[in-house]
Amino acid sequence: MNTLDSARQVTACRVCGGVDWQDVVSFGSVPPANAFLEPAPAYEEDRYPLAVISCRSCRLMSLTHVVDPEILYRTYAYATPASDTINDHMRYVADVCRTRFDLPAGGFVVELGSNTGVQLRAFQEAGLRVLGVDPARNLVEVAERHGVRTLPEFFDADTARAVARDHGRADLVLGRHVFAHIDDVAGVLTGVRELLAPGGVFAIEVPWALDMVDDLEFDTIYHEHLSYFLVRTLVTLYERHGLRVLDVERLPVHGGSILVFAGLESGPWRPRPSVRELCDREEAAGLFGDDAYRRFAERVETTRRELRDLIRGQVAEGRRVAGYGASAKGVTLLNVCGLDGGELEFCSDTTPLKQGKVMPGVHVPVCSPKRAAQDPPDLYLLLAWNYAEEILAKEAGYLGRGGRFVIPVPRPLIVSGETRAA
Ligand code: TYD
Ligand code: ZN
């Protein structure tokens, strides 16, 4: 289906306006990674080009095409999973955000892309006033039921002004794993500037492009992720919009993320050494020149081939293979590696919204972990590899009975009960 009328092709860089792009990787046309489908005899799905380019001026990595956010986000299948890893992480984020730049007691926290409100509840429990902003109407209902007031809107300059008018200025504006989803970053930063109190802090958590490149996390490339940020690129972006990067902390979640704190240029805070240190590491990794991206693309090709051959080989030898965690990454991985229902019998996932549906593009049916445990496969392809530790610990029984996992990136790795004990 020709769907290009609901996608915009990127011409100028959303950070610096540059037009000199290096081609990095191209995965052909792929459906949006969270567009889970009802099972049907035949499918007609919208597909959009999925390819990454790198701006030679500011080294933003960007998708070539921006799918209309109304299509991607108004009804959203990704709900924060019930996971110890992510719960502990959210509590940690709440703690650093409260202490690092002296968030006032009883202060006001606004979160963009607040999903079901789990992160904001951690602030609420610490006595802060909170407001979520999220366009997904199905998730806003859940957040509101949990007592987290949430506006069912995209965060832009107009929403930000309305929030400032109705609720007052924010001491903290937070966006976890949402800033890379935004096309009009200028509009959002204008909103942030107008919403922040003079000493307020804007904190975002984004995947770090250096970790993505080093660890070959090419399955994090999907239509929601429009930007893959280096710290240096964020410094350039914020400078252009009256904000200043103050501090950056590396975090282990989602394959390597950074928590980036910024304040108004006119505000009281000065940058800390971490900002310079991480920019230096990016430079040392060669990420300001073409070669690193060329090498990345070559390594992606190798892993794609190895993973496809490994899984097809297992199936050819008569083993039953299934997916573990119907993550957006997993949907991408299967689509771009050419694996589908021919190889994977099913995919287990804890998210009720995904169960009973089939995965976009590859049409692998999603079932609950309970169903999966009744008839487990010989081999699970771990599509939620960012939770590997938690999942391998939880599945010790399956491993003990001879079950195995394949961790797909950076190179496919088979984990069995024995290799784990070793
Ligand atoms: P996640 O990696 O959080 O994000 P993304 O969709 O952006 O790639 O998704 C993890 C998926 O894995 C999510 O659908 C929930 C599921 N999951 C399980 O099925 N079992 C688990 O133990 C955990 C931690 C997650
Ligand atoms: Zn640029």
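Atoms within each ligand, like the ligands themselves, are counted from 1 in listed order. Remember, predicted model here, so these are calculated numbers, not experimental data.
For the residue pair Glu217 and Trp385, no side-chain donor N or O sits within less than 3.5 Å of a side-chain acceptor on the partner. In this structure, a donor-acceptor pair under 3.5 Å is absent between the side chains of His177 and Glu224. There is a side-chain donor-acceptor pair under 3.5 Å between His89 and Glu205. Side-chain polar atoms of Glu395 and Tyr324 form a donor-acceptor pair below 3.5 angstrom. Defined by atom type and a distance below 3.5 Å, a donor-acceptor pair is missing between the side-chain atoms of Thr75 and Arg137.
At under 3.5 Å, not a single nitrogen or oxygen of Ile391, backbone or side chain, sits near a nitrogen or oxygen of ligand 1. Distances between N or O atoms of Asn34 and those of ligand 1 include no value under 3.5 Å. Considering both main-chain and side-chain atoms, Glu390 never comes within under 3.5 Å of ligand 1 through any nitrogen or oxygen pair. Inclusion of Tyr324 in the set of residues having an N or O under 3.5 Å from an N or O of ligand 1 is not warranted.
The nearest heavy-atom contact from the protein to atom 6 (O) of ligand 1 is Ala328 N, 2.8 Å. Shortest contact from atom 18 (C) of ligand 1 to any protein heavy atom: Thr350 OG1, 3.4 Å. Remark: minimum distance from atom 16 (C) of ligand 1 to any protein heavy atom is reached at Asp349 OD2, 3.2 Å. Taking atom 8 (O) of ligand 1 as the reference point, the nearest protein heavy-atom neighbour is Lys329 NZ, 2.7 Å.
Results of the side chain to side chain donor-acceptor pair (under 3.5 Å) test with Glu343 over Arg312, Arg308, Gln314 single out Arg312 as the only residue that passes.
Remark: distances from the non-hydrogen atoms of Lys394 to ligand 1 include one below 4.0 Å. Using a 4.0 angstrom heavy-atom cutoff, Tyr222 counts as in contact with ligand 1. Not a single heavy atom of Glu224 sits under 4.0 Å from any atom of ligand 1.
Using a 30° and 60° split on the angle between ring planes, His181 and Tyr73 fall in the tilted class, from 30° to 60°. Using cut-offs of 30° and 60° for the angle between ring planes, the Phe218 and Phe27 rings count as tilted.
In this structure, the side chain of Arg14 engages the main chain of Leu226 through a donor-acceptor pair within 3.5 Å.
Of all protein atoms, those that are N, O or S and lie under 2.8 Å from the Zn ion (ligand 2) total 4.
By the criterion of a heavy-atom distance under 4.0 Å, neither the backbone nor the side chain of His177 is placed next to ligand 1.
Residue Arg320 places its CZ atom among more than 12 non-hydrogen atoms of other residues, nucleotides or ligands, all under 6.0 Å distant.
Proximity to Tyr78 (heavy-atom distance under 4.0 Å) selects the following atoms of ligand 1: 1 (P), 3 (O), 4 (O), 6 (O), 9 (O). Under a 4.0 Å criterion applied to the non-hydrogen atoms of Lys354, ligand 1 contributes the atoms 13 (C), 14 (O).
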